[in-house]
Amino acid sequence: MENEHFDAVVVGSGFGGSVATYRLAEAGMRVCLLERGQAYPPDAYPRTPKAMQGALWDPSAGGYGMFDLWSFDGLEALVASALGGGSIIYANVLLRKDEHWFVNEDPHGTGHTPWPVSRADLDPHYDAVEAMMNVQRYPTEHAPYDQTPKTNAFHAAADQLGLDWSRPPLAVTFANEGEDPALGEPIEERWPNLHGRTRTTCRLCAECDVGCNYGSKNTLDFNYLSAAQHEGADIRTLHEVRTLAPQTGGGYRIRYVQHDLEREGDSFDTRSLPLQTMTADRLILSAGTLGSTFLLLKNRSAFPNLSNALGTRFCGNGDLLGFVLNARENGTHRMLDPNYGPVITSTIRVGDALDGGDATGRGFYIQDAGYPAFMSWIVEASNVFGSLRRFIRFLRHTLLARIQGDTNLSAELQHLLGGDLSASAMPLLGMGRDRPNGVFELQDNGRLNTNWAMQGSKDYFDRLKRTMEALADAMGGDFVVNPTWLLKRVITVHPLGGCPMGRTASEGVVDAHGEAFGHPDLYVADGSILPGPVGPNPSLTIAALADRIADRILAEPSGA
Ligand SMILES: Cc1cc2nc3c(=O)[nH]c(=O)nc-3n(C[C@H](O)[C@H](O)[C@H](O)COP(=O)(O)OP(=O)(O)OC[C@H]3O[C@@H](n4cnc5c(N)ncnc54)[C@H](O)[C@@H]3O)c2cc1C
């Protein structure tokens, strides 16, 4: 087959890739988007244990699913593989990076400035992305949203501790424009979505992180990608990019494999898949922090001018997961009901020395979280002693009822089911300004690894954990930190860095407009270009940067 050629090829369809694809297609460029994962229309998300088994991404083991879990030396990282990237499994929070947090952040104190952009540079792009993603705040001014237990408990705990609580913008449709919020109403869309399906407003089922089967989340497939397709972009799923190289005379050669689920089956050496080739005047890498860094490290020999900063400035955006357990009020369990609401409804912001005033230390955010109802069954079942105690009580009472001639067992069954443990719990999600001092490299076996270690940001993590403990206490509960903490490890869902922006090639891999130093027309537009933590959830900043990068691409002819 003859090689295909495009004005621009975009690799990966997350926040960076979707924005770039739309903006370039809208401007009339011939754009091809290559995404390794699958498309997920409403109702396609897995729910049963068997279906969840297939929800992981590892094609050589028959996994073509949306979760991609990595384990590095000092932390675990969860990312997505799907049309729409992380938006498919994310918790919808779209917060701007704090103005004073765009700063010097050199781990060795030599004082260079890795953030080559400011809040003022990004504000117009934040505006554009928020409008496109139709952000809405959790509508607590209306019933039944005002009765969300975890939101109210979290808010009250914040007030008790004097912490700054607010409802962040969420990419979720609670209400159609000009209407009051309502559960399960058909969503009026601005353009037909690429799945050709009807979406409905949020039903508060807390399933955001396992994919929304109602299409209530404003994920990238429903906005940027649907609009890009409408503008003529060629969007291809199950296309995994393997190699990249500059071409003599300009432009780039991209080699990829096309997955075929039926042919590959449960166990298949995907290295044997035939490589196909396409070329482009401009190449935009948006395969995510792990994906883009991996691709550039793997293909480094083809890019002799790439900066030595490749692989540097990695961090997990200060992520720390904790749990409130056994919340109690007036001697009984306090219902936090983590299964009710979107996964995140509200946030606490704790200031940073950079903010001026009384604040000290490195700033962070803590958000209330939830999880789907099926997780509550798992929580109850995993309480082996509690379940056994209830089962023995059930047998005893059933026997007694038989002896006494009571033929109704409803009350006994009611007690057997339990429920207090899972209903009086809720996760807390912390994130903020940890130190971006991790370096990625390829191991001898060709796998990606990073030397990032929690100890490098110990003060930050200790302060964040203490605030979580105080919040749990204020809710009448115990606090349990994610168990990997004991092994000095964290779990991040916000990996950042690896191809950092900088003012010069000694500082970064790409410039402040995402273009690689030494390789014109090669752009990186995703979380890998962040030279340090965002602080709050990073997707809006990634998308805003991609929007700014698109401006630059459109302003410059290729080869300039
Ligand atoms: C459970 C969870 C909850 C989260 N909640 C929030 C939240 O509330 N707010 C927030 O701001 N962030 C949240 N995040 C983080 C957010 O998802 C990421 O920060 C964001 O998606 C990163 O965007 P990106 O463009 O860098 O990459 P991604 O969105 O990760 O997209 C990269 C894409 O590239 C594709 N790809 C990778 N390699 C290749 C290849 N070789 N060939 C072709 N395609 C490839 C991947 O399949 C993926 O689709 C959450 C993440 C998780 C896991």
Side-chain angles (χ1 to χ4, degrees), residues 9-20 33-40 57 59 64-69 77-97 129 133 168-172 208-211 217 219-221 224-225 236-244 254-259 284-296 298-299 316-317 319 321 342-344 347 365 367 369 371 427 429 431 448 491-499 524-530 534-543 545-546:
V9 165
V10 180
V11 180
S13 65
F15 285 88
S18 295
V19 173
L33 169 61
L34 300 174
E35 166 56 52
R36 65 178 179 168
Q38 304 188 58
Y40 290 87
W57 176 261
Y64 300 90
M66 59 191 182
F67 296 111
D68 187 14
L69 183 64
L78 177 65
V79 295
S81 179
L83 185 67
S87 76
I88 296 301
I89 57 170
Y90 88 147
N92 321 302
V93 177
L94 290 181
L95 277 166
R96 298 185 186 204
K97 180 174 169 69
V129 177
M133 299 207 62
L170 301 176
V172 177
C208 314
D209 286 349
V210 288
K217 287 173 58 173
T219 48
L220 295 161
D221 47 343
Y224 277 102
L225 292 170
R236 304 185 190 178
T237 53
L238 291 170
H239 282 57
E240 184 175 8
V241 172
R242 291 278 170 83
T243 72
L244 315 163
I254 300 105
R255 308 194 83 188
Y256 61 93
V257 297
Q258 202 174 335
H259 291 288
I284 295 108
L285 277 184
S286 299
T289 291
L290 308 182
S292 291
T293 308
F294 177 66
L295 278 172
L296 284 182
K298 205 174 83 168
N299 291 281
N317 201 40
D319 279 11
L321 172 66
V343 163
I344 294 172
T347 191
Y365 286 72
Q367 293 161 357
Y371 45 77
L429 306 176
M431 67 203 78
L448 192 68
I491 300 172
T492 183
V493 295
H494 303 131
L496 301 173
C499 309
V524 187
D526 58 25
S528 71
I529 65 172
L530 301 195
V534 172
N537 326 56
S539 299
L540 182 65
T541 299
I542 296 169
L545 282 166

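Computed from heavy atoms alone, side chains included, the values below leave out hydrogens, waters and symmetry copies. Whatever order the structure lists ligands and atoms in, that order sets their numbers, starting from 1.
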Inset, instruction - Please examine the side chains of L429 and L321, heavy atoms only from C-beta on, and report whether any two atoms are closer than 4.5 Å. - result: yes

Inset, instruction - Decide yes or no for L530 and I542: does some side-chain heavy atom of the first lie under 4.5 Å from some side-chain heavy atom of the second? - result: yes

Using every non-hydrogen atom in the two residues, find where [X] and [Y] come nearest and quote the distance to one decimal.
X: S286; Y: A525; value: OG-O, 2.9 Å
X: D526; Y: S292; value: OD2-OG, 2.5 Å
X: V534; Y: K97; value: O-NZ, 3.2 Å

Inset, instruction - For ligand 1, would you mind listing the residues that have at least one heavy atom less than 4.0 Å away, ordered by chain and number? - result: V11, G12, S13, G14, F15, G16, L34, E35, R36, L78, A80, S81, A82, G85, G86, I89, Y90, A91, N92, V93, D209, H239, E240, V241, S286, A287, G288, L295, V493, H494, D526, G527, N537, P538, S539, I542

Legend entry - Single hit among R236, E35, R36 for side chain to side chain contact (heavy atoms under 4.5 Å, CB included) with S13: E35

